[in-house]
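So the structure is just underneath, and the comments pick up after that.
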Amino acid sequence: MRAFEQAIKEHKDLRLHPERGREFLFVARELLTIPEDVLRVGRKLSQNGIGNERGRDFAGMARLVLPRNPDDIPAIVRLLRDPRQWPGERVPFVQPHHAVVGHGGNMHGHPGQPPHVAGPIPDPPNGSEGKGKGVVVGILDTGISKTAGSDHPLWLGGAFLPKADEVDPAYSSGDVFALEGGHGTFVAGVVRQAAPGVRFDPEKALDQWGLGTEEDFARALGAFDERVQVVNISLGCFTQDDVASEPVRRALAKLPRTTVVVASAGNQGTNRPSWPAALPGVVGVAAVAQERDGSRAPACYSNFGHWVDACAVGNRTSTYLKGRWALPGDAVVDVYDRFAYWLGTSFAAPHVAGRIAETMTTRGLSAEAARDELLDGPVFFPNYGVLVE
């Protein structure tokens, strides 16, 4: 947790609203509304002595910047959502500009574990290259390692188009990993283990600390270089009063209707909705734990709820980078050589995304039909959805 707090401080413009059980991260000074409400909201702010100016819009949202109120955004949102402020009028739409976080097992309110050192995974089985062939999976994450293709030629080589703006910086200094450095590379490997013939298109929505904003999310979602049939999103956000993230909803609505979106449920062990996993039409994925005796049970860290559609094993070994990992003040330093073992809903979701791609090619189905086939089964455990093997 201390490492996560340090990462927030280094961002300078991010704040944590600490209300117990209703925590969320937001961007200081920024208030979001919709274009049809921006003038009304601006006038009401001025009437309450709150200075504001129009910022740069994104994802169909209007941004108001409140220069003198960097930390007061949650209180101002509550004020503007109060019907008593709008007698005889419709209450306008307002929300903070929320931050999104990666759902790996680092410090973001999850199992509290970094990745563990692991040995190489076996090479792709002979004859498996047809599973997922012709399908492109978009991966919104930290980006991908600059050396991913050469480090993992059999798993990741030739599986994507390398681009400079999609590289995961990965390290905080030297060869020491940042909190979620390598997260996107690990996720890509999980997708390919389920569908070794799939291509993927990585886009950066998070930095190497596992932090981004709703604006970063919307930009990344609109930046795919290839036509993607499935999108994996191993990140999300909590929001003020658990109201659905409107920028995230609007950004997703711009995707073709035939594109299937898979998102991790988050690792706070709560039924509080995480966005985008809780949005209608998104396949929200919880995690189950694979025990040593082969049995499976709901993972204690996994978020859950009526909004979860599927679950999969969250503890996995996958493709990673070379480097070292250590928590601040921790004398123990782990040294990695291109592979790691990690746990979190971040790694349950890409397995589901990969299985959708594999089912598409194995069964000759569209992405939507493959999704429906995988989810057509009994609920594994209440509020955990269908288990995807």
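Note that these values count all heavy atoms, side chains included, but never hydrogens, waters or copies made by symmetry. When a residue number appears, it is its place in the shown sequence, counting from 1.
In terms of heavy atoms, Ser318 sits closest to Val190 at OG-N, 3.3 Å. The shortest non-hydrogen separation linking Pro70 to Arg15 is CB-NH2, 4.2 Å. Here the shortest heavy-atom pairing between Val231 and Leu140 reads CG1-CD1, 4.3 Å. Smallest separation of non-hydrogen atoms from Ser234 and Ala349: OG-CB, 4.2 Å.
At least one side-chain heavy atom of Leu32 sits under 4.5 Å from a side-chain heavy atom of Pro247. At a threshold of 4.5 Å between non-hydrogen side-chain atoms, the residues Trp155 and Gln193 count as touching. Residues Ile233 and Val261 meet the side-chain proximity criterion, which asks for heavy atoms closer than 4.5 Å. Between Ser46 and Asn52 there is a side-chain heavy-atom pair separated by less than 4.5 Å. Residues Asp309 and Val388 fail the side-chain proximity criterion, which asks for heavy atoms closer than 4.5 Å. Here the side chains of Leu25 and Phe238 are not in contact, with every heavy-atom distance at 4.5 Å or above. Within the 4.5 Å cutoff, the side chain of Leu279 has heavy atoms near those of the Val248 side chain. The shortest side-chain heavy-atom distance between Glu30 and Leu64 does not fall under the 4.5 Å cut-off.
Ion pairing between Glu215 and Arg63 holds under the 4.0 Å rule for side-chain N and carboxylate O. Checked for salt-bridge contact, Lys133 and Glu129 miss the test: no charged N lies under 4.0 Å from a carboxylate O. A salt bridge links Arg199 with Glu226; the closest basic N to acidic carboxylate O contact falls under 4.0 Å. A salt bridge is absent between Lys204 and Asp141; no separation between the charged side-chain nitrogens and carboxylate oxygens falls under 4.0 Å. Salt bridge annotation for Asp175-Arg324: present, with a cationic side-chain nitrogen under 4.0 angstrom from a carboxylate oxygen. With respect to Arg29 and Asp13, a salt bridge is recorded, a charged nitrogen being found less than 4.0 Å from a carboxylate O.
Here the side chain of Lys44 pairs a donor or acceptor atom with the backbone of Gln85 at under 3.5 angstrom. In this structure, the side chain of Asp216 does not engage the main chain of Gly212 through any donor-acceptor pair within 3.5 Å. Proximity of a side-chain donor or acceptor of Gln229 to a complementary backbone N or O of Ala367 within less than 3.5 Å is not detected. The backbone N or O of Val198 lies less than 3.5 Å from a partner atom in the side chain of Arg192, making a donor-acceptor pair.
Hydrophobic clustering of Ile, Leu, Val, Met, Phe, Trp and Tyr side chains at less than 4.5 Å, counting indirect connections, keeps Leu221 apart from Ile144. Tracing side-chain contacts under 4.5 Å through hydrophobic residues (I, L, V, M, F, W, Y), one reaches Ile50 starting from Val94; they form part of the same cluster. Taken together through direct or relayed side-chain contacts under 4.5 Å among Ile, Leu, Val, Met, Phe, Trp and Tyr, Val77 and Val100 form parts of separate hydrophobic clusters. Phe177 and Val167 sit in two unconnected hydrophobic clusters of ILVMFWY residues. Membership requires side-chain heavy atoms under 4.5 Å apart, directly or through other members. Under the 4.5 Å side-chain heavy-atom criterion for ILVMFWY residues, no single connected hydrophobic cluster contains both Tyr301 and Val308.
For Phe186 and Tyr341, the ring centers sit 6.0 Å or farther from each other. Aromatic ring centres of His183 and Trp342: separated by under 6.0 Å. In this structure, Tyr336 has its ring center under 6.0 Å from that of Tyr320. Remark: aromatic rings of His17 and Phe24 are close, center separation under 6.0 Å.
In this structure, CG in Asp241 is found 5.0 Å from CZ in Arg22, a value given to the nearest 0.5 Å. Interatomic distance, CD of Glu358 versus OG1 of Thr361, reported as 5.5 Å (0.5 Å rounding). Met61 CE to Phe93 CZ: the interatomic distance, rounded to the nearest 0.5 Å, is 5.0 Å. Here the OG atom belonging to Ser145 is positioned 4.0 Å from the CG atom belonging to Leu321, to the nearest 0.5 angstrom. Atom CD of Glu166 sits about 11.5 Å away from atom OG1 of Thr142, to the nearest 0.5 Å. Here CH2 of Trp307 is found 8.5 Å from CH2 of Trp275. Values are rounded to the nearest 0.5 Å.
Side-chain atoms of Asp207 and His11 form a donor-acceptor pair, as typed in the model, at a separation below 3.5 Å. A donor atom on one side chain and an acceptor atom on the other are found under 3.5 Å apart for Glu214 and Ser245. At a cut-off of 3.5 Å, with distance as the only test, no side-chain donor of Asn315 or Gln290 sits close to an acceptor on the other residue. No side-chain donor from either of Ser346 and His103 sits under 3.5 Å from a side-chain acceptor of the other.
Cation-pi geometry between Arg81 and Trp86 is not met: the NZ or CZ atom fails to fall both under 6.0 Å from the ring centre and inside 45° of the normal.
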Should Asp37 and Arg90 be marked as a salt bridge (charged side-chain N to carboxylate O under 4.0 Å, His left out) after you check the CA-CA gap, both sets of side-chain angles, and the distance that decides it?
-> CA-CA 10 Å; Asp37 286 341; Arg90 175 181 59 81; 2.5 Å; yes
Might you work through the ring pair (Phe, Tyr, Trp, His ring centres under 6.0 Å) test for Phe339 and His152, ending with a clear yes or no?
-> CA-CA 9 Å; Phe339 293 92; His152 305 284; 4.9 Å; yes
Please lay out, stage by stage, how Ile356 and Val262 fare under the test side chain to side chain contact (heavy atoms under 4.5 Å, CB included).
-> CA-CA 10 Å; Ile356 291 172; Val262 179; 3.8 Å; yes
Give the C-alpha distance, both sets of side-chain angles, the deciding distance and a yes or no for side chain to side chain contact (heavy atoms under 4.5 Å, CB included) between Leu374 and Val386.
-> CA-CA 8 Å; Leu374 283 176; Val386 176; over 6 Å; no
Show your reasoning for whether side chain to side chain contact (heavy atoms under 4.5 Å, CB included) applies to Val38 and Asp57.
-> CA-CA 11 Å; Val38 67; Asp57 297 351; over 6 Å; no
Between Lys322 and Asp151, does a salt bridge (charged side-chain N to carboxylate O under 4.0 Å, His left out) hold up when you go through it step by step?
-> CA-CA 9 Å; Lys322 293 182 178 181; Asp151 283 344; 5.3 Å; no
Side chain to side chain contact (heavy atoms under 4.5 Å, CB included) between Val117 and Val335, intermediate numbers included | CA-CA 7 Å; Val117 174; Val335 180; 5.7 Å; no
From CA spacing to verdict: salt bridge (charged side-chain N to carboxylate O under 4.0 Å, His left out), Glu203, Arg219 = CA-CA 9 Å; Glu203 295 295 342; Arg219 175 194 46 74; 5.6 Å; no
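Residues forming a side-chain hydrogen bond (donor to acceptor under 3.5 Å, both in side chains) with Thr270 (at least two apart in sequence, or on another chain): none. Contacts of Asp123 classified as side-chain hydrogen bond (donor to acceptor under 3.5 Å, both in side chains), with partners at least two apart in sequence or in another chain: none.
The side chain to side chain donor-acceptor pair (under 3.5 Å) analysis of residues 367-385, with sequence neighbours excluded, yields the pairs Arg363-Glu373.
The number of heavy atoms from other shown groups lying within 6.0 Å of CG (Asn126) does not exceed 12.
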